[in-house]
Q: 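Before I ask anything, let me first share the structure, which is written out below as structure tokens.
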Number of protein chains: 4
Amino acid sequence: MAQSDTVTRILDTAEVLFAERGFAETSLRNITSKARVNLAAVNYHFGSKKALIQAVFARYLDPFSQRFHTALDELESRYTEGVIPLEVLLETMAATVLAVPAERNSLKVFMRLLGLAYSQAQGHLRRYIQEQYGDVFTRFTELVRQATPHLPDAERFWRLHFMLGTVIFTLSGLDALRDIAAKDYHEQVTVKDLVRRLRPVVVAAMHAPLPPALEEGHYENAHIS
Amino acid sequence: MAQSDTVTRILDTAEVLFAERGFAETSLRNITSKARVNLAAVNYHFGSKKALIQAVFARYLDPFSQRFHTALDELESRYTEGVIPLEVLLETMAATVLAVPAERNSLKVFMRLLGLAYSQAQGHLRRYIQEQYGDVFTRFTELVRQATPHLPDAERFWRLHFMLGTVIFTLSGLDALRDIAAKDYHEQVTVKDLVRRLRPVVVAAMHAPLPPALEEGHYENAHIS
Amino acid sequence: MAQSDTVTRILDTAEVLFAERGFAETSLRNITSKARVNLAAVNYHFGSKKALIQAVFARYLDPFSQRFHTALDELESRYTEGVIPLEVLLETMAATVLAVPAERNSLKVFMRLLGLAYSQAQGHLRRYIQEQYGDVFTRFTELVRQATPHLPDAERFWRLHFMLGTVIFTLSGLDALRDIAAKDYHEQVTVKDLVRRLRPVVVAAMHAPLPPALEEGHYENAHIS
Amino acid sequence: MAQSDTVTRILDTAEVLFAERGFAETSLRNITSKARVNLAAVNYHFGSKKALIQAVFARYLDPFSQRFHTALDELESRYTEGVIPLEVLLETMAATVLAVPAERNSLKVFMRLLGLAYSQAQGHLRRYIQEQYGDVFTRFTELVRQATPHLPDAERFWRLHFMLGTVIFTLSGLDALRDIAAKDYHEQVTVKDLVRRLRPVVVAAMHAPLPPALEEGHYENAHIS
DNA sequence: CATGAATGAGCGTTCATTCAT
DNA sequence: AATGAATGAACGCTCATTCAT
């Protein structure tokens, strides 16, 4: 059995099981038995379970990072005179995020994995992602800054994460939500459809009016605080 | 040791550890040793680890459910003539969500738990929450429907979940994000501050223009699909 | 099953297997299956394999240390006027070493274990023994120092270890040597017999003339160096 | 890579690691990765781990056996008329033992290995050594018998092993003992120095008076038995 | 009401060895 | 002659749970 075969089968199986159950709930025995490879093969090829988890992410994030850099290069060469509009930046990011797993028909898995990366207690994973792919995100946020000069830096930071939450939460919980939606609204939702719905929401959120300044104590009287 | 003491100490310890590490990564030994109670006490008082997880949620969701029903009762008696405005509904929900853990100074823990409930592979937990607290959410969404008659039902459904994602993602990952924000913007973010920032974003998102109809194939030429 | 039962059976089985095969070559499964206790019982009662190894030693060394201190107390109260003769010290040590395992008919095992403690790569074990029982050995060597004032300190140190080697090597390899002796000399050797033979050898070794001074270069011409 | 190169590097690395940690605690992966050869090379060149262990010993014992036979030949041709004195025999053995590893600066390693051969649970190793090198030891002990006609056979057997214990125990634990000695007596001990100290001790031990006969029951009243 | 002891199942990992190339 | 890949067995250990007291 060629290396690529075993390695690929482990990765293919692992990403599905990780996405379905999370990392701690997926044992190497689950993976190897479903992939029909030897239990020791994971440690042989990846070294440890942690390294396997990172490899699963790398298989998405390496091409993503590469393509996104390329796409931003193109944008920058096209908009030499002015700033790149926010909508174009968002559109480009969406297109790149979708392009990579689209080839393997695994957008849902990728999104679930992204969601897990944030929510599960895998400190090593967040560290790994930050180290390996931090620069491309930094580059993107800098372009967003230029596209939204009216937004205070802190406000932009939080809004980007608000939207990140929207996207990851929605797409990673897609199956459950889709079931409810189908039951209540007799509607079969596709990822394409969801992205269509997300677009105006994200744009509106980024363009929302600034909140009242904190010092005014305006909210002290409300029940929210 | 009175029962209530042991039970409370288990719950107090469990919710913190669950929030910090997730459910699978927190063992009963972690909990009982930190709570300085006997290992068997969890199974004795709660029956199983699953039941403990549900009990941890119930301690938040029972009072939340109760208060929210009461708050909606008040709103309905106040707005007998017209519909309750969307902003008021959102404000009321936010106030109720914040009120419960505020008494125990554990909003962050509660939000982390909510995030975990969605992201972790605890099917029993989602089922439990749906069964126990589904009706109050149903009541809320019906009021939102009346407040946003112009929104198609499906669109409203998705936008509510978009915003749910925003809130849960942000508040459950608060610590990590707060660290980044503090490092980059020299800003110490409080929950109160975050809610202030969330308000206009959520409102804008709910009022965003409808997406173009899917049938038009408008997006087919874009890179997103 | 009472605790003492399980714990004792684990210790009894472990010391025999350790003595027969060494520490690394004896698995917890070997021990627990032979002792007919659950595999997890070792970790439950001792915490780890390392701790089990130390517990096996403690069961011998704790009473030994105690008795030896008592015996030295008696000697010191008996010899208030002069020094305790070397032969008496050696005799006392021998008697104490033999007394402890004699009660459990396991001198051979104890000696094998002592030999292993020196020869096997269990750094934690040497550290543990040094920490727990170093003081009684220090006390003994100090008395030996007073009994042999003519010996340079370094020479005494080495001769004590030469003799330690003799005793441990002989008694820990007793079975193999006994087999050879039985085959060649038709002699069934008992521990008592071996101690009888060891006595004059040890005394003669401690009283051997000093080696020529190193500076003389006397040995440079010999083939030994 | 020429075969001899790979084989030599495996042997060089293996003997060091075996001496440091013992046989069971040294994995083939340890050896091959440190020697920078392929994992399968050990099984390819030696057949098994056991065979590797034996090969490590053979590299010392083959030349030792050869030289010792030659040295004894010389002694016998020199002492045609009377017996070879005990001191000369011991001196000759010491010189031969030291000569072989001296060429590779690895006396310590050799001694550690000898100690391990006795103490570790490698039955195959003792068998191998006995089969391969038993005759030269038999020849030596026969000469010792002629040199010490006054000693009963059994007594001579045990004293030789007492001394074997002294030497192997001391030299194989050299590093640890050297550390203690250096700390307590500010003395840097060399192997040459140790042999100097061993000489009078070994001679005195071999010449020690015979123990009282066992039948007398002399020791029954002592504490030793 | 509470607990120390015990259990069976399963975990990630490492092992010496084999085999096709 | 040599090696990368793969394997089955075993390792120490932790898990949630049960049970007798």
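The basis for the numbers below is simple: all heavy atoms, side chains too, and nothing from hydrogens, waters or symmetry mates. Just so we're on the same page: letters track the sequence lines, and every chain starts at 1.
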Q: List in chain and number order the residues that pass side chain to side chain contact (heavy atoms under 4.5 Å, CB included) with Ser48(D), two or more places apart in sequence or in another chain; answer none if no residue qualifies.
A: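 Listed in chain order: Lys50(D), Ala51(D).
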Q: What is the distance, to the nearest angstrom, from the CD1 atom on Ile10(D) to the C1' atom on dA1(F)?
A: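 It works out to 12 Å between those atoms.
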Q: Could you give the distance from NZ (Lys49(A)) to NE2 (His124(A)), rounded to the nearest 0.5 Å?
A: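 Output value for this atom pair is 9.0 Å.
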Q: What's the spacing between Ile10(A) CD1 and Glu15(A) CD if we round to 0.5 Å?
A: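 Separation between the atoms: 13.0 Å.
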Q: Quickly work out the Asn38(D) CG to dA6(F) P distance and round it to whole Å.
A: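 To the nearest whole Å, that distance equals 14 Å.
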Q: Would you say a side-chain N or O of Thr6(C) is under 4.0 Å from OP1 or OP2 of dA6(E)?
A: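 Yes, because at least one side-chain N or O of Thr6(C) sits under 4.0 Å from OP1 or OP2 of dA6(E).
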Q: Just jot down the side chain to side chain contact (heavy atoms under 4.5 Å, CB included) partners of Thr13(C), sequence neighbours excluded, or say none.
A: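 With sequence neighbours excluded, Thr13(C) shows a side chain to side chain contact (heavy atoms under 4.5 Å, CB included) to Leu17(C), Ile31(C), Lys34(C), Ala35(C), given in chain and number order.
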Q: Under the rule for ring-ring contact (aromatic ring centres under 6.0 Å, His included), what residues qualify as partners of Tyr60(A), not counting sequence neighbours?
A: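 So Tyr60(A) forms a ring-ring contact (aromatic ring centres under 6.0 Å, His included) with Phe110(A).
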Q: Do the side-chain N or O atoms of His45(A) get closer than 4.0 angstrom to the phosphate oxygens (OP1, OP2) of dA6(F)?
A: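 Yes.
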Q: Base, backbone or nothing for each nucleotide of nucleotides 14-21 of chain E, written B, S, -, heavy atoms under 4.0 angstrom, 5' to 3'?
A: BBBBBB--
Q: Just the rounded figure in Å: distance from P of dT14(F) to CD1 of Ile31(B).
A: 17 Å
Q: For the pair made of CG in Asp5(A) and C1' in dT7(F), what is the distance, rounded to whole Å?
A: 16 Å
Q: DNA chain F: stems of at least 3 consecutive Watson-Crick or G-U pairs, cut-off 3.5 Å?
A: E:2-21 with F:2-21
Q: Checking Phe46(A) now: which residues fulfil ring-ring contact (aromatic ring centres under 6.0 Å, His included) with it, not counting sequence neighbours?
A: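 Counting only residues at least two positions away or on another chain, Phe46(A) forms no ring-ring contact (aromatic ring centres under 6.0 Å, His included).
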Q: How long is the straight-line distance from OG1 of Thr6(B) back to CG of Asn38(B), given to the nearest 0.5 Å?
A: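 With rounding to 0.5 Å, CG (Asn38(B)) is 9.5 Å from OG1 (Thr6(B)).
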Q: Can a side-chain donor-acceptor contact be found between Tyr133(D) and Asp62(D) if the only test is distance below 3.5 angstrom?
A: yes
Q: For the pair made of CZ in Phe46(B) and P in dC1(E), what is the distance, rounded to whole Å?
A: 14 Å
